[in-house]
Structure formats: structure tokens, C-alpha cells
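Numbered from 1 within each chain, the chains take letters A, B, ... in sequence-line order.
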There are 2 protein chains.
Amino acid sequence: MVLRGTVLRAEHSGTREFYIVRRGWLYSSMLLFDGNRQILSMHLPGEFAGEVGLPWDKAPFTITAASDTVVCVIDKGALRGLFERQPRIGALLLTLAQIERVTLADRLASIGRTSAKSRVAALIVDVLRRLRAGGEAADGGIALPLTQEEIGDATGLTAVHVNRMMRQLGEDGLIARSNGRLRVIDEARLAGIANHIDRYAGLDLGWLPPAAR
Amino acid sequence: MVLRGTVLRAEHSGTREFYIVRRGWLYSSMLLFDGNRQILSMHLPGEFAGEVGLPWDKAPFTITAASDTVVCVIDKGALRGLFERQPRIGALLLTLAQIERVTLADRLASIGRTSAKSRVAALIVDVLRRLRAGGEAADGGIALPLTQEEIGDATGLTAVHVNRMMRQLGEDGLIARSNGRLRVIDEARLAGIANHIDRYAGLDLGWLPPAAR
DNA sequence: CGTGTCGTTGAGCTCAGTCAATAAAAGTGG
DNA sequence: CCACTTTTATTGACTGAGCTCAACGACACG
């Protein structure tokens with residue numbers, strides 16, 4: 001169990017291992033020289049965390065628990081045998097890395113080229129759909145375990161402006177908030193202003209090696 | 001030979017193949033619904049292009065030639081055998097993908113959390129060092145085959161503001177420009193304001209499978 | 001009940017965008 | 001090589017989205 005606010009792995013610490021999230025949310029972030037922080041990605045239940053640091057001996061990012069979490073630890077040495085005996089798994093890992101690259105690129109476009117309101121909407125839609133993909137019941141609203149400061153660090157905004165945008169999204173009838181829970185009222189319209197693209201559609205896994213026996 | 005301005009591969013077109021750049025520059029971009037464009041990454045000589053689209057049957061991004069280029073085309077079906085017979089190559093591809101992910105994350109932080117001047121500086125430093133890593137002589141200045149509009153689309157700025165920032169970088173004695181060539185005067189200071197991190201340092205490839213014979 | 005964190009709101013400011021005009025450069029066809 | 005067109009770079013004036021600063025309320029926790 002990793003408690004909310006705890007740093008699971010600090011930037012520049014060793015990377016003998018990576019993680020799978022069992023319960024709760026984590027996020028990867030980096031600190032700039034001027035003290036600003038950028039949250040690079042969220043890690044939701046069922047997803048990997050820290051595997052991006054594989055190629056380095058020191059972690060490129062800090063991984064922090066956004067809520068109380070449970071993670072499963074995997075040693076990176078285990079990957080070696082996997083690549084040798086199960087080429088399909090290796091290729092799947094590559095596939096996953098590319099998917100992450102594309103979703104990161106989507107966020108880059110969101111932050112680089114859209115309004116504050118769109119960015120916040122994009123974060124909400126992204127999280128909502130990933131939770132759903134991970135089998136988390138998301139109909140009664142989601143418990144967003146992020147402070148507005150953190151949402152700001154993820155979207156390239158200030159906490160104050162995040163607050164204003166959330167209020168506007170509420171006034172527009174797109175979302176509703178009550179005691180820490182967030183309910184998406186009009187997902188289609190929210191996804192529209194968020195420029196959301198579903199990257200899990202249209203996957204082509206035909207080129208992968210078959211599973212070894 | 002792909003002429004400057006030509007779209008090598010359009011968004012949503014098929015992805016039977018990917019590329020290695022032999023000569024010239026390309027870039028991947030995506031178009032938002034409002035007509036805005038975000039340039040997601042540059043592809044310099046010696047680098048891959050389009051391999052990020054591997055997992056999809058339709059390309060997630062558009063690849064455009066920024067200058068006249070020569071590329072080498074690779075069929076993605078060839079990867080299958082590679083993973084089976086050369087696990088090390090597969091693991092290297094994964095490594096490369098993760099490196100790209102991290103540099104994309106660096107750009108995300110740059111765009112999300114730094115000033116216009118820093119972003120332009122970051123683009124220049126990034127390109128300079130990658131050209132150098134690719135063995136391109138970069139001392140007599142680099143021939144930047146990008147319009148200011150394109151630099152803007154890459155940094156999340158407008159062409160007009162890119163122009164102002166370039167001028168300021170010149171006035172600050174960090175760069176010099178003359179007839180299309182750009183010379184970096186004070187690389188250390190430029191890298192400083194760019195928040196540049198060298199991601200090719202500190203790589204740990206010890207976990208990779210050995211080369212097959 | 002004091003303290004700290006987080007959310008909310010207002011007032012004013014600034015960085016970057018918009019609009020517009022002009023210069024410079026690069027093509028293009030003759 | 002020259003006239004003409006299109007693209008790109010440059011600069012100024014103005015605007016506005018988002019930031020800063022500041023105050024206050026709500027809540028959790030010891």
C-alpha cells in the first residue's frame with residue numbers, strides 16, 4: 001500500500017523495477033529548474049507505471065501516488081527471458097509503448113494548441129475512458145483524486161484557472177461536481193471540445209509473432 | 001526522393017511500412033478540428049519515421065517532408081521475424097520507443113510549463129544535438145529547413161511570436177542567423193534556458209538479451 | 001480549536017495571440 | 001535575365017486568455 005502523496009520512485013533513483021497499478025492512481029511528473037512541475041501521465045488501475053524508465057539506470061521521472069494505491073512490482077531483469085522465449089510478449093510491449101507515445105502526442109497537441117477549457121475537458125475524458133477500459137464502474141461519477149493544482153500541472157495551467165474552467169464546464173452542463181465526485185453529463189460534447197481521439201480503436205496486431213508454447 | 005512540402009504519409013492512410021531517414025528532414029503532425037496543427041516530432045537523418053504507427057492499421061499522424069529528403073522504406077511485416085529470431089533487436093526497438101517517449105515527455109514539459117523563448121530554445125538545442133548524434137557536421141551552423149510557421153506549430157506558438165523570440169535569442173547573443181543558416185553561439189546558455197536534458201546519457205542496456213548468432 | 005490544505009472568487013497584469021502592413025526571398029513562366 | 005506571383009520573414013499596434021496576487025471559506029486532522 002502506497003499512501004496518497006508518497007513518492008513511489010523519485011527522479012534519478014534506480015530503475016531495477018517497474019510497476020503495475022492494482023488500486024488507486026499514480027502519476028509521473030518532472031520538475032523544471034524554475035520549480036515548475038509537469039505531470040506527464042496518469043497511471044490508473046490495470047496500467048503500467050515506470051516502465052518507460054526501462055532503458056536508463058536512473059529514472060527519468062518521479063512517480064507519485066495521487067491516492068492510496070496498491071502496486072505490483074516487477075523486476076526489469078525478468079524482461080530479458082520474456083523477449084527470448086516469448087517474442088509475442090516483447091512485440092506487445094513495443095506495441096503498448098507506441099500506444100503510449102501516441103496518447104502522449106495527443107496530450108502534446110492538447111496542451112500546445114487548444115484552450116484551457118479544452119485541456120481540462122481532455123483530461124477528464126481521457127481519464128474517464130481509461131477507467132472504463134480498466135473495468136472501473138464509472139457511471140455514478142468518478143472519484144477524482146487530484147487536486148486542482150495537480151490538474152493544472154497536468155494540463156499546463158494554474159490551479160486558479162483550472163478552477164475557473166471546471167466551473168465553466170459545470171455551467172455549460174457538461175459535468176457536475178459534488179463532494180469530490182465528478183459526473184460527466186454530456187460525454188459526447190465533452191469529448192468534442194476536448195478533441196478526443198480513441199486510440200484503442202483500429203489496432204492492428206496482425207504483424208505480431210504468434211504466441212510460443 | 002521526397003520533395004519539400006510533400007506529404008509522405010497522410011493521417012488515416014495505411015501503415016504497411018515505416019521509414020528510415022537518409023537525407024533531409026521530415027516531421028509528424030496532427031490536425032485538430034479547429035484547423036490548428038501540432039507538429040509532434042521531427043525526423044532527422046538516421047532516425048526512424050512513422051514507426052510509431054505500427055500498432056494501428058491507419059496512421060495516427062501525417063508525415064511531411066520539411067526539406068527534400070531521401071527515405072528508406074521498411075515493411076512492417078519484416079518485424080515479425082526479427083522479434084522471433086533476434087530478441088535483442090526487438091528489445092532495442094522497445095528501448096528506442098521508450099527513449100522517444102521520454103523525449104516527447106520533455107517536449108510536453110517544455111510546452112506546458114516554460115516560456116515562449118525557452119520553447120524555441122529547446123527546439124534549437126534538441127535539433128542541434130540530434131544532428132550531431134547523427135554525425136551531421138553542425139559547426140558551421142545548421143541549415144534549418146523549417147519555416148517560422150512550422151516552428152510555431154512544433155512549439156505551440158504563432159509564427160509571429162516565433163519570429164520575435166528568434167530575434168530576442170539573437171539579441172541575447174545565443175544564436176546568429178544569416179540567409180537561412182542558424183549558428184548557435186552559446187550552446188551552454190541556450191541549453192540552460194531550454195531546460196535541456198540529455199536523454200542519451202545514462203542508458204542502461206544491460207538487461208537486453210544478447211545478440212543471436 | 002488551531003493549523004494546514006484545498007477550493008473559490010475578484011482585481012489587475014502580462015505574455016502571447018491577432019490583425020495588418022511591408023519587406024525580403026523564392027519560385028515561375030516568358 | 002526579367003516581370004510577376006507566392007511564400008516567408010519582420011515589425012508595430014492592439015487585444016485577450018490565462019497568470020499573479022490576495023482574500024476568504026470549507027473541510028480534515030491532530
Side-chain angles (χ1 to χ4, degrees), chain A residues 3-6 32 34-39 64-68 110-124 143-172 175-182 193, chain B residues 3-6 25 32 34-39 64-68 110-124 143-171 175-182 193:
Chain A
L3 292 180
R4 158 168 174 68
T6 310
L32 303 190
D34 59 9
N36 260 321
R37 180 177 66 162
Q38 174 73 47
I39 291 182
T64 312
S67 61
D68 296 347
S110 172
I111 291 179
R113 282 289 181 224
T114 75
S115 69
K117 200 196 272 191
S118 292
R119 296 189 214 174
V120 174
L123 182 137
I124 294 171
L144 201 67
L146 299 172
T147 65
Q148 294 182 352
E149 176 95 36
E150 287 166 334
I151 296 177
D153 284 343
T155 52
L157 300 169
T158 56
V160 173
H161 208 60
V162 168
N163 183 282
R164 286 193 260 256
M165 294 304 106
M166 298 278 272
R167 178 154 58 88
Q168 278 195 29
L169 288 174
E171 287 166 357
D172 295 351
I175 63 173
R177 291 174 298 155
S178 55
N179 51 31
R181 295 190 74 81
L182 184 146
I193 72 167
Chain B
L3 293 181
R4 159 171 173 65
T6 309
W25 297 24
L32 304 190
D34 59 8
N36 261 321
R37 181 178 66 163
Q38 175 72 47
I39 291 183
T64 312
S67 62
D68 296 347
S110 173
I111 291 179
R113 281 289 181 226
T114 75
S115 70
K117 201 197 272 192
S118 292
R119 296 188 214 174
V120 174
L123 182 138
I124 294 171
L144 201 66
L146 298 172
T147 66
Q148 295 182 353
E149 176 95 37
E150 287 166 334
I151 296 176
D153 284 343
T155 52
L157 300 169
T158 55
V160 172
H161 208 60
V162 167
N163 183 283
R164 287 193 265 253
M165 294 304 107
M166 298 278 273
R167 177 154 59 88
Q168 278 196 29
L169 288 174
E171 287 167 356
I175 63 173
R177 291 174 299 155
S178 55
N179 50 31
R181 296 190 74 81
L182 184 146
I193 71 167

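A:Gly156 comes within contact range of the sugar-phosphate backbone alone, with a heavy-atom separation under 4.0 Å but no base atom that close.
Taking only side-chain atoms of B:Arg164, from C-beta outward, the nucleotide of D:dA13, D:dA9, D:dC19 with the closest atom is D:dA13. When the nucleotides C:dG10, D:dT8, D:dG18 are ranked by their closest atom to the side chain of B:Thr147, D:dT8 comes out on top. Here the side chain of A:Gln148 is nearest to one of D:dG18, C:dG7, D:dA9, namely C:dG7. With D:dG12, D:dC19, D:dT10 as the candidates, the nucleotide lying closest to the side chain of B:Asn163 is D:dT10. Among D:dT10, C:dT8, D:dT11, the nucleotide with an atom closest to any side-chain atom of A:Arg177 is C:dT8. Of the candidates D:dG18, D:dC21, C:dG17, D:dG18 carries the atom nearest the A:His161 side chain, counting heavy atoms from C-beta on.
What you find for B:Ser67 and B:Trp25 is that their closest heavy atoms are OG-N, 3.0 Å. Contact record, B:Asp153 with A:Arg113: OD1-NH2, 2.8 Å, taken as the closest heavy-atom pair.
Per the geometry, CG belonging to B:Leu169 stands 13 Å off P belonging to D:dT10, to the nearest Å. Atom P of nucleotide C:dT8 and atom CD of A:Glu149 are separated by 14 Å, given to the nearest angstrom. Per the geometry, CZ belonging to B:Arg167 stands 15 Å off P belonging to D:dA9, to the nearest Å. B:Met165 places its CE atom 16 Å from the P atom of C:dT14, with the value rounded to the nearest Å. As rounded to whole Å, 7 Å separates atom P of D:dG18 from atom CZ of A:Arg119. Separating the CG atom of B:Asp68 from the P atom of C:dA26 is a distance of 14 Å, rounded to the nearest angstrom. In this structure, A:Met166 places its CE atom 14 Å from P of C:dC6, rounding to the nearest Å. Taking atom NZ of B:Lys117 as the reference point, atom P of C:dT14 lies 17 Å away to the nearest angstrom.
Rounded to the nearest 0.5 angstrom, A:Leu157 CG and A:Lys117 NZ are separated by 13.0 Å.
Considering A:Gln148, A:Gln168, A:Glu149 in turn, A:Gln148 is the only one that fulfils the side chain to side chain donor-acceptor pair (under 3.5 Å) rule with A:Asn163.
Nearest-nucleotide assignment on DNA chain D puts the 5′-proximal partner with B:Val160, out of B:Val160 and A:Val162.
Side-chain atoms of B:Arg4 stay outside donor-acceptor range of the base of D:dT7, with no qualifying N/O pair under 3.5 Å.
Using modelled atom types, one side-chain atom of A:Arg119 and one backbone atom of A:Thr155 make a donor-acceptor pair closer than 3.5 Å.
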